[in-house]
2 protein chains.
Amino acid sequence: MRAVTLTDRDRAETLVERTGARVTRQRVEVLKILLAAPRALTHHEIEQRAHRGPRMDRVTIYRVLEWLTANGLAHKIAGDDRVWRFNAAEGHGRTHAHFHCSDCGEVICLDEVAAARNLRLPQGYRSQELELTVRGLCAACRPARRAPPAARHRH
Amino acid sequence: MRAVTLTDRDRAETLVERTGARVTRQRVEVLKILLAAPRALTHHEIEQRAHRGPRMDRVTIYRVLEWLTANGLAHKIAGDDRVWRFNAAEGHGRTHAHFHCSDCGEVICLDEVAAARNLRLPQGYRSQELELTVRGLCAACRPARRAPPAARHRH
DNA sequence: GCAGTCCTGCAACTCTGTTGCATTAGACCG
DNA sequence: CGGTCTAATGCAACAGAGTTGCAGGACTGC
Ligand SMILES: [Mn+2]
Ligand SMILES: [Mn+2]
Ligand SMILES: [Zn+2]
Ligand SMILES: [Zn+2]
(Lines give C-alpha, C1' and ligand atoms only; values in the text may rest on other atoms or scores of the structure.)
(Ligands and ions follow the chains in the order given, each with its own letter.)
Protein backbone atom coordinates (compact mmCIF):
# COMPACT_ATOMS: atom_id res chain seq x y z
CA MET A 1 0.00 0.00 0.00
CA ARG A 2 1.42 3.34 -1.09
CA ALA A 3 1.56 6.22 1.41
CA VAL A 4 -1.46 8.47 1.19
CA THR A 5 -0.21 11.67 -0.38
CA LEU A 6 -1.85 15.03 -0.26
CA THR A 7 -2.49 14.61 -3.94
CA ASP A 8 -4.72 11.58 -3.39
CA ARG A 9 -6.96 13.50 -1.02
CA ASP A 10 -7.13 16.46 -3.38
CA ARG A 11 -7.81 14.30 -6.37
CA ALA A 12 -10.52 12.47 -4.45
CA GLU A 13 -12.16 15.73 -3.44
CA THR A 14 -12.07 17.11 -6.96
CA LEU A 15 -13.54 13.95 -8.42
CA VAL A 16 -16.38 13.90 -5.91
CA GLU A 17 -17.09 17.60 -6.50
CA ARG A 18 -17.29 17.07 -10.24
CA THR A 19 -20.26 14.75 -9.91
CA GLY A 20 -22.36 17.67 -8.66
CA ALA A 21 -23.53 15.67 -5.62
CA ARG A 22 -22.67 16.45 -2.00
CA VAL A 23 -19.03 16.35 -1.04
CA THR A 24 -18.96 14.47 2.24
CA ARG A 25 -16.00 13.53 4.38
CA GLN A 26 -16.92 9.86 3.92
CA ARG A 27 -17.01 9.93 0.14
CA VAL A 28 -13.71 11.74 -0.10
CA GLU A 29 -12.08 9.48 2.46
CA VAL A 30 -13.12 6.23 0.77
CA LEU A 31 -12.14 7.44 -2.68
CA LYS A 32 -8.81 8.62 -1.29
CA ILE A 33 -8.18 5.13 0.09
CA LEU A 34 -8.99 3.56 -3.26
CA LEU A 35 -6.73 5.97 -5.10
CA ALA A 36 -3.84 5.15 -2.78
CA ALA A 37 -4.18 1.38 -3.18
CA PRO A 38 -2.09 -0.55 -5.68
CA ARG A 39 -4.75 -3.22 -5.98
CA ALA A 40 -8.48 -3.74 -5.55
CA LEU A 41 -9.64 -3.58 -1.93
CA THR A 42 -12.39 -5.43 -0.10
CA HIS A 43 -14.93 -3.64 2.05
CA HIS A 44 -13.09 -5.06 5.03
CA GLU A 45 -9.75 -3.62 3.99
CA ILE A 46 -11.31 -0.24 3.30
CA GLU A 47 -12.94 -0.25 6.71
CA GLN A 48 -9.63 -0.94 8.44
CA ARG A 49 -7.89 1.89 6.63
CA ALA A 50 -10.83 4.21 7.27
CA HIS A 51 -10.79 3.54 11.00
CA ARG A 52 -7.54 5.44 11.31
CA GLY A 53 -9.54 8.62 10.81
CA PRO A 54 -12.79 9.72 12.53
CA ARG A 55 -15.62 7.20 12.91
CA MET A 56 -17.33 5.92 9.79
CA ASP A 57 -20.07 3.31 9.84
CA ARG A 58 -19.73 0.05 7.88
CA VAL A 59 -23.05 0.65 6.20
CA THR A 60 -21.93 4.09 5.11
CA ILE A 61 -18.89 2.54 3.48
CA TYR A 62 -21.13 0.13 1.61
CA ARG A 63 -23.30 3.00 0.49
CA VAL A 64 -20.38 5.17 -0.51
CA LEU A 65 -18.87 2.34 -2.55
CA GLU A 66 -22.18 1.83 -4.29
CA TRP A 67 -22.36 5.54 -4.99
CA LEU A 68 -18.79 5.75 -6.28
CA THR A 69 -19.48 2.82 -8.58
CA ALA A 70 -22.74 4.30 -9.86
CA ASN A 71 -20.92 7.55 -10.57
CA GLY A 72 -18.08 5.94 -12.44
CA LEU A 73 -15.44 6.81 -9.83
CA ALA A 74 -14.86 3.24 -8.69
CA HIS A 75 -15.44 -0.16 -10.07
CA LYS A 76 -16.48 -3.37 -8.47
CA ILE A 77 -15.01 -6.79 -9.09
CA ALA A 78 -16.58 -10.10 -8.13
CA GLY A 79 -13.99 -12.36 -6.58
CA ASP A 80 -13.94 -16.10 -6.12
CA ASP A 81 -14.69 -15.67 -2.43
CA ARG A 82 -18.09 -13.95 -2.56
CA VAL A 83 -16.46 -10.67 -1.65
CA TRP A 84 -16.57 -7.52 -3.73
CA ARG A 85 -13.36 -5.71 -4.42
CA PHE A 86 -13.16 -2.08 -5.45
CA ASN A 87 -10.69 0.25 -7.00
CA ALA A 88 -10.63 3.77 -8.29
CA ALA A 89 -11.87 3.76 -11.86
CA GLU A 90 -9.45 6.25 -13.37
CA GLY A 91 -9.59 5.82 -17.10
CA HIS A 92 -11.11 2.36 -17.05
CA GLY A 93 -13.12 1.74 -20.17
CA ARG A 94 -15.82 -0.69 -21.15
CA THR A 95 -13.19 -3.30 -21.79
CA HIS A 96 -11.03 -4.24 -18.99
CA ALA A 97 -8.76 -6.92 -17.54
CA HIS A 98 -8.03 -8.18 -14.04
CA PHE A 99 -5.61 -10.58 -12.49
CA HIS A 100 -6.89 -12.78 -9.61
CA CYS A 101 -4.39 -14.68 -7.51
CA SER A 102 -5.80 -18.16 -6.96
CA ASP A 103 -3.87 -18.51 -3.73
CA CYS A 104 -4.24 -15.28 -1.74
CA GLY A 105 -7.14 -13.74 -3.62
CA GLU A 106 -5.31 -10.54 -4.54
CA VAL A 107 -6.91 -8.69 -7.45
CA ILE A 108 -5.18 -6.09 -9.59
CA CYS A 109 -6.20 -4.28 -12.76
CA LEU A 110 -4.27 -4.90 -15.93
CA ASP A 111 -3.92 -1.89 -18.15
CA GLU A 112 -3.88 -3.21 -21.61
CA VAL A 113 -6.33 -5.61 -23.06
CA ALA A 114 -5.73 -7.13 -26.42
CA ALA A 115 -9.37 -8.04 -26.19
CA ALA A 116 -11.16 -10.53 -28.30
CA ARG A 117 -13.18 -8.35 -30.62
CA ASN A 118 -14.79 -10.67 -33.11
CA LEU A 119 -16.61 -12.86 -30.64
CA ARG A 120 -19.67 -14.80 -31.70
CA LEU A 121 -22.74 -14.48 -29.44
CA PRO A 122 -25.98 -16.47 -29.78
CA GLN A 123 -28.76 -15.00 -31.91
CA GLY A 124 -30.33 -11.96 -30.29
CA TYR A 125 -27.72 -11.43 -27.59
CA ARG A 126 -26.11 -8.05 -27.32
CA SER A 127 -22.74 -7.29 -25.77
CA GLN A 128 -22.22 -4.19 -23.64
CA GLU A 129 -18.97 -4.74 -21.81
CA LEU A 130 -16.01 -7.10 -21.90
CA GLU A 131 -13.93 -8.19 -19.00
CA LEU A 132 -10.94 -10.46 -19.15
CA THR A 133 -10.02 -12.33 -15.99
CA VAL A 134 -6.60 -13.87 -15.64
CA ARG A 135 -6.34 -16.38 -12.83
CA GLY A 136 -2.91 -17.37 -11.60
CA LEU A 137 -0.36 -16.80 -8.87
CA CYS A 138 0.86 -13.38 -7.85
CA ALA A 139 4.55 -12.70 -7.27
CA ALA A 140 4.23 -13.28 -3.53
CA CYS A 141 2.38 -16.59 -3.89
CA ARG A 142 4.34 -18.05 -6.75
CA PRO A 143 6.40 -21.01 -5.54
CA ALA A 144 10.12 -20.26 -5.67
CA ARG A 145 11.96 -22.13 -8.39
CA ARG A 146 14.46 -23.99 -6.17
CA ALA A 147 14.73 -21.98 -2.96
CA PRO A 148 12.25 -22.94 -0.19
CA PRO A 149 8.97 -21.03 -0.54
CA ALA A 150 8.69 -17.72 1.31
CA ALA A 151 6.11 -17.41 4.09
CA ARG A 152 2.62 -17.15 2.68
CA HIS A 153 1.10 -13.74 2.69
CA ARG A 154 -2.56 -13.14 3.40
CA HIS A 155 -4.11 -9.75 3.00
CA MET B 1 -34.16 -26.37 -20.06
CA ARG B 2 -33.85 -29.45 -22.26
CA ALA B 3 -35.67 -32.65 -21.35
CA VAL B 4 -33.51 -34.98 -19.29
CA THR B 5 -32.65 -37.86 -21.59
CA LEU B 6 -31.47 -41.26 -20.58
CA THR B 7 -28.17 -40.33 -22.09
CA ASP B 8 -27.63 -37.52 -19.60
CA ARG B 9 -28.06 -39.88 -16.66
CA ASP B 10 -25.74 -42.44 -18.23
CA ARG B 11 -23.14 -39.88 -19.08
CA ALA B 12 -23.31 -38.49 -15.57
CA GLU B 13 -22.85 -41.93 -14.06
CA THR B 14 -19.92 -42.75 -16.29
CA LEU B 15 -18.22 -39.47 -15.53
CA VAL B 16 -18.61 -39.92 -11.79
CA GLU B 17 -17.34 -43.51 -11.99
CA ARG B 18 -14.26 -42.42 -13.87
CA THR B 19 -13.06 -40.30 -10.98
CA GLY B 20 -12.56 -43.46 -8.93
CA ALA B 21 -14.51 -41.99 -6.00
CA ARG B 22 -17.87 -43.29 -4.75
CA VAL B 23 -20.77 -43.22 -7.15
CA THR B 24 -23.66 -41.85 -5.13
CA ARG B 25 -27.20 -41.12 -6.22
CA GLN B 26 -26.66 -37.48 -5.26
CA ARG B 27 -23.54 -36.95 -7.34
CA VAL B 28 -25.07 -38.57 -10.40
CA GLU B 29 -28.30 -36.65 -10.01
CA VAL B 30 -26.66 -33.25 -9.71
CA LEU B 31 -24.32 -33.87 -12.61
CA LYS B 32 -27.24 -35.09 -14.71
CA ILE B 33 -29.07 -31.85 -14.00
CA LEU B 34 -26.06 -29.81 -15.03
CA LEU B 35 -25.63 -31.81 -18.22
CA ALA B 36 -29.26 -31.23 -19.16
CA ALA B 37 -29.13 -27.47 -18.64
CA PRO B 38 -28.52 -25.08 -21.52
CA ARG B 39 -27.01 -22.51 -19.19
CA ALA B 40 -25.24 -22.22 -15.85
CA LEU B 41 -27.50 -22.99 -12.87
CA THR B 42 -27.55 -21.57 -9.37
CA HIS B 43 -27.65 -23.77 -6.31
CA HIS B 44 -31.26 -22.76 -5.93
CA GLU B 45 -32.21 -23.87 -9.43
CA ILE B 46 -30.42 -27.16 -8.97
CA GLU B 47 -32.24 -27.72 -5.72
CA GLN B 48 -35.62 -27.17 -7.35
CA ARG B 49 -34.87 -29.61 -10.14
CA ALA B 50 -33.48 -32.14 -7.68
CA HIS B 51 -36.61 -32.02 -5.54
CA ARG B 52 -38.53 -33.81 -8.26
CA GLY B 53 -36.64 -36.96 -7.28
CA PRO B 54 -36.06 -38.42 -3.81
CA ARG B 55 -35.02 -36.11 -0.99
CA MET B 56 -31.62 -34.45 -1.18
CA ASP B 57 -30.35 -32.00 1.40
CA ARG B 58 -29.26 -28.47 0.42
CA VAL B 59 -25.94 -28.95 2.13
CA THR B 60 -25.35 -32.13 0.18
CA ILE B 61 -25.93 -30.25 -3.03
CA TYR B 62 -23.36 -27.66 -1.96
CA ARG B 63 -20.91 -30.42 -1.17
CA VAL B 64 -21.56 -32.30 -4.39
CA LEU B 65 -21.06 -29.15 -6.43
CA GLU B 66 -17.81 -28.51 -4.63
CA TRP B 67 -16.75 -32.09 -5.34
CA LEU B 68 -17.74 -31.93 -9.01
CA THR B 69 -15.78 -28.72 -9.41
CA ALA B 70 -12.71 -30.11 -7.65
CA ASN B 71 -12.87 -33.15 -9.94
CA GLY B 72 -13.14 -31.16 -13.11
CA LEU B 73 -16.69 -32.28 -13.88
CA ALA B 74 -18.32 -28.94 -13.29
CA HIS B 75 -17.23 -25.39 -13.18
CA LYS B 76 -18.22 -22.53 -11.02
CA ILE B 77 -18.91 -18.98 -12.13
CA ALA B 78 -19.08 -15.93 -9.90
CA GLY B 79 -22.03 -13.76 -10.88
CA ASP B 80 -22.79 -10.13 -10.18
CA ASP B 81 -25.38 -11.15 -7.61
CA ARG B 82 -23.05 -12.96 -5.19
CA VAL B 83 -24.46 -16.29 -6.30
CA TRP B 84 -22.43 -19.14 -7.74
CA ARG B 85 -23.53 -20.67 -10.97
CA PHE B 86 -22.45 -24.07 -12.18
CA ASN B 87 -22.39 -26.03 -15.36
CA ALA B 88 -21.03 -29.30 -16.57
CA ALA B 89 -17.42 -28.82 -17.60
CA GLU B 90 -17.40 -30.99 -20.72
CA GLY B 91 -14.39 -30.02 -22.74
CA HIS B 92 -13.89 -26.68 -21.06
CA GLY B 93 -10.26 -25.77 -21.19
CA ARG B 94 -8.07 -23.37 -19.31
CA THR B 95 -9.37 -20.60 -21.51
CA HIS B 96 -13.00 -19.90 -21.46
CA ALA B 97 -15.71 -17.34 -22.06
CA HIS B 98 -19.07 -16.56 -20.48
CA PHE B 99 -21.94 -14.29 -21.25
CA HIS B 100 -23.72 -12.62 -18.30
CA CYS B 101 -27.04 -10.92 -18.90
CA SER B 102 -26.99 -7.65 -16.96
CA ASP B 103 -30.77 -7.67 -16.68
CA CYS B 104 -31.88 -11.17 -15.70
CA GLY B 105 -28.53 -12.57 -14.58
CA GLU B 106 -28.54 -15.50 -17.00
CA VAL B 107 -25.09 -16.98 -17.59
CA ILE B 108 -24.13 -19.12 -20.55
CA CYS B 109 -20.82 -20.50 -21.76
CA LEU B 110 -19.44 -19.32 -25.06
CA ASP B 111 -17.58 -21.94 -27.01
CA GLU B 112 -14.92 -20.12 -28.85
CA VAL B 113 -12.55 -17.66 -27.37
CA ALA B 114 -10.24 -15.72 -29.57
CA ALA B 115 -8.38 -15.10 -26.35
CA ALA B 116 -5.85 -12.46 -25.73
CA ARG B 117 -2.62 -14.40 -25.79
CA ASN B 118 0.17 -11.91 -25.51
CA LEU B 119 -0.95 -10.28 -22.32
CA ARG B 120 1.55 -8.48 -20.13
CA LEU B 121 1.53 -9.35 -16.43
CA PRO B 122 3.53 -7.63 -13.68
CA GLN B 123 6.97 -9.02 -12.85
CA GLY B 124 6.76 -12.40 -11.10
CA TYR B 125 3.08 -13.03 -11.78
CA ARG B 126 2.13 -16.28 -13.45
CA SER B 127 -1.05 -16.94 -15.41
CA GLN B 128 -2.88 -20.25 -15.10
CA GLU B 129 -6.26 -19.67 -16.61
CA LEU B 130 -8.04 -17.08 -18.71
CA GLU B 131 -11.67 -16.22 -18.57
CA LEU B 132 -13.45 -13.74 -20.73
CA THR B 133 -16.68 -12.27 -19.41
CA VAL B 134 -19.08 -10.62 -21.78
CA ARG B 135 -21.75 -8.55 -20.09
CA GLY B 136 -24.82 -7.58 -22.05
CA LEU B 137 -28.46 -8.38 -22.66
CA CYS B 138 -29.68 -11.84 -23.53
CA ALA B 139 -32.22 -12.40 -26.31
CA ALA B 140 -35.12 -12.41 -23.84
CA CYS B 141 -34.07 -9.21 -22.10
CA ARG B 142 -33.03 -7.23 -25.12
CA PRO B 143 -35.46 -4.36 -25.72
CA ALA B 144 -37.48 -4.93 -28.88
CA ARG B 145 -36.56 -2.61 -31.74
CA ARG B 146 -39.97 -1.02 -32.28
CA ALA B 147 -42.54 -3.43 -30.92
CA PRO B 148 -43.45 -3.01 -27.22
CA PRO B 149 -41.09 -5.03 -25.00
CA ALA B 150 -42.14 -8.60 -24.16
CA ALA B 151 -42.87 -9.46 -20.54
CA ARG B 152 -39.65 -9.67 -18.55
CA HIS B 153 -38.45 -13.11 -17.78
CA ARG B 154 -36.86 -13.99 -14.45
CA HIS B 155 -35.34 -17.33 -13.86
C1' DG C 1 -22.68 -60.45 4.15
C1' DC C 2 -19.30 -57.49 6.93
C1' DA C 3 -16.11 -53.91 8.08
C1' DG C 4 -14.33 -49.61 7.21
C1' DT C 5 -14.59 -45.38 5.27
C1' DC C 6 -16.66 -41.80 2.86
C1' DC C 7 -20.88 -39.38 2.25
C1' DT C 8 -25.31 -37.51 3.76
C1' DG C 9 -28.78 -35.12 6.69
C1' DC C 10 -29.74 -31.96 10.06
C1' DA C 11 -29.10 -28.00 12.98
C1' DA C 12 -26.67 -24.30 14.18
C1' DC C 13 -23.65 -20.96 12.52
C1' DT C 14 -20.77 -17.30 9.78
C1' DC C 15 -20.21 -13.71 6.88
C1' DT C 16 -21.18 -10.19 3.47
C1' DG C 17 -24.20 -7.18 2.24
C1' DT C 18 -29.21 -4.71 2.85
C1' DT C 19 -33.18 -2.13 4.76
C1' DG C 20 -35.88 1.16 7.75
C1' DC C 21 -35.86 4.94 10.29
C1' DA C 22 -34.41 8.72 13.24
C1' DT C 23 -30.67 12.14 13.25
C1' DT C 24 -26.99 14.96 11.21
C1' DA C 25 -24.70 17.87 8.13
C1' DG C 26 -23.79 19.65 3.13
C1' DA C 27 -25.46 23.21 -0.02
C1' DC C 28 -27.80 27.08 -1.14
C1' DC C 29 -30.16 31.30 -0.16
C1' DG C 30 -30.75 35.42 1.88
C1' DC D 1 -22.88 34.28 8.65
C1' DG D 2 -27.56 31.85 10.25
C1' DG D 3 -31.78 29.32 8.63
C1' DT D 4 -33.85 25.84 5.73
C1' DC D 5 -34.30 21.99 2.92
C1' DT D 6 -32.81 17.59 1.64
C1' DA D 7 -29.51 14.10 0.92
C1' DA D 8 -26.37 11.31 3.52
C1' DT D 9 -25.12 9.06 7.81
C1' DG D 10 -25.46 5.97 12.00
C1' DC D 11 -27.54 2.37 14.25
C1' DA D 12 -30.05 -1.80 14.77
C1' DA D 13 -32.30 -5.36 12.89
C1' DC D 14 -32.50 -8.25 8.96
C1' DA D 15 -31.60 -11.36 4.69
C1' DG D 16 -29.52 -14.94 2.11
C1' DA D 17 -25.73 -17.79 0.35
C1' DG D 18 -22.72 -20.74 1.82
C1' DT D 19 -20.15 -23.45 5.87
C1' DT D 20 -19.22 -26.46 9.91
C1' DG D 21 -19.74 -30.29 13.35
C1' DC D 22 -21.41 -34.36 14.28
C1' DA D 23 -24.23 -38.61 14.34
C1' DG D 24 -26.08 -41.99 11.45
C1' DG D 25 -26.34 -44.21 6.73
C1' DA D 26 -24.73 -46.22 2.40
C1' DC D 27 -20.78 -47.39 -0.97
C1' DT D 28 -16.99 -50.44 -1.88
C1' DG D 29 -13.77 -54.09 -1.39
C1' DC D 30 -13.19 -58.16 0.65
MN1 LIG E 1 -10.18 -2.72 -12.93
MN1 LIG F 1 -18.25 -22.26 -18.78
ZN1 LIG G 1 -1.19 -14.13 -4.17
ZN1 LIG H 1 -31.57 -11.81 -19.68
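By convention in this document, chain letters (A, B, ...) are assigned in the order of the sequence lines, proteins followed by strands, and residues within each chain are numbered from 1. Side chains are part of it too, since the values below use all heavy atoms of this structure and drop only hydrogens, waters and symmetry mates.
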Does the C/dA27 base have a donor-acceptor partner in the side chain of A/Arg22 within less than 3.5 Å?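 No, no donor-acceptor pair under 3.5 Å.
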
Could one point to a donor on the side chain of A/Arg63 or the base of D/dG10 with an acceptor on the other under 3.5 Å away?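 Check passes, donor-acceptor contact within cut-off.
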
What nucleotide, of C/dG9, C/dG17, D/dG10, holds the atom closest to the side chain of A/Val83?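 The listed nucleotide nearest to A/Val83's side chain is C/dG17.
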
I'd like to know if A/Arg63 and A/Glu66 make a salt bridge, using a cut-off of under 4.0 Å between side-chain N and carboxylate O.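 So A/Arg63 does not pair with A/Glu66 through a salt bridge.
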
Indicate yes or no: does A/Arg135 engage B/Glu131 in a salt bridge with an N to O separation below 4.0 Å.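 The answer is yes: the pair qualifies as a salt bridge.
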
Tell me: [atom1] of [X] to [atom2] of [N], nearest whole Å?
X	N	atom1	atom2	value
A/Arg85	C/dT16	CZ	P	11 Å
A/Leu68	D/dA8	CG	P	12 Å
B/Tyr62	C/dA11	OH	P	17 Å
A/Glu47	C/dG17	CD	P	11 Å
B/Arg82	C/dC15	CZ	P	13 Å
B/Ile61	D/dG16	CD1	C1'	16 Å
A/Met56	D/dC11	CE	C1'	16 Å
B/Asp57	D/dT19	CG	P	14 Å

So what does [X] hit on the nucleic acid, given a heavy-atom distance under 4.0 Å: a base, only sugar-phosphate, or nothing?
X	answer
A/Arg55	sugar-phosphate
A/Arg27	sugar-phosphate
A/Val59	base

If only side-chain N and O atoms of [X] are considered, is one of them under 4.0 Å from the OP1 or OP2 phosphate oxygen of [N]?
X	N	answer
A/Trp84	C/dG17	yes
A/Arg58	C/dG17	no
A/Thr24	D/dT9	yes

If each of A/His43 and A/Gln26 is mapped to the nucleotide of DNA chain C with the nearest heavy atom, which maps nearer the 5' terminus, i.e. the 5' end?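 Its nucleotide being nearer the 5' end, the pick is A/His43.
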
Do A/Ile77 and A/Asn87 make a side-chain contact, defined as non-hydrogen atoms from C-beta onward lying under 4.5 Å apart?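 The answer is yes, as the side chains (C-beta and beyond) meet within the 4.5 Å cut-off.
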
Would you call the rings of A/Tyr62 and A/His43 parallel, tilted or perpendicular if under 30° counts as parallel and over 60° as perpendicular?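 Ring orientation, 0 to 90° scale: parallel.
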
Fit a plane to each ring of B/His96 and B/His98, take the angle between them on a 0 to 90° scale, and name the class: parallel (under 30°), tilted (30 to 60°) or perpendicular (over 60°).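 B/His96 and B/His98: tilted rings.
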
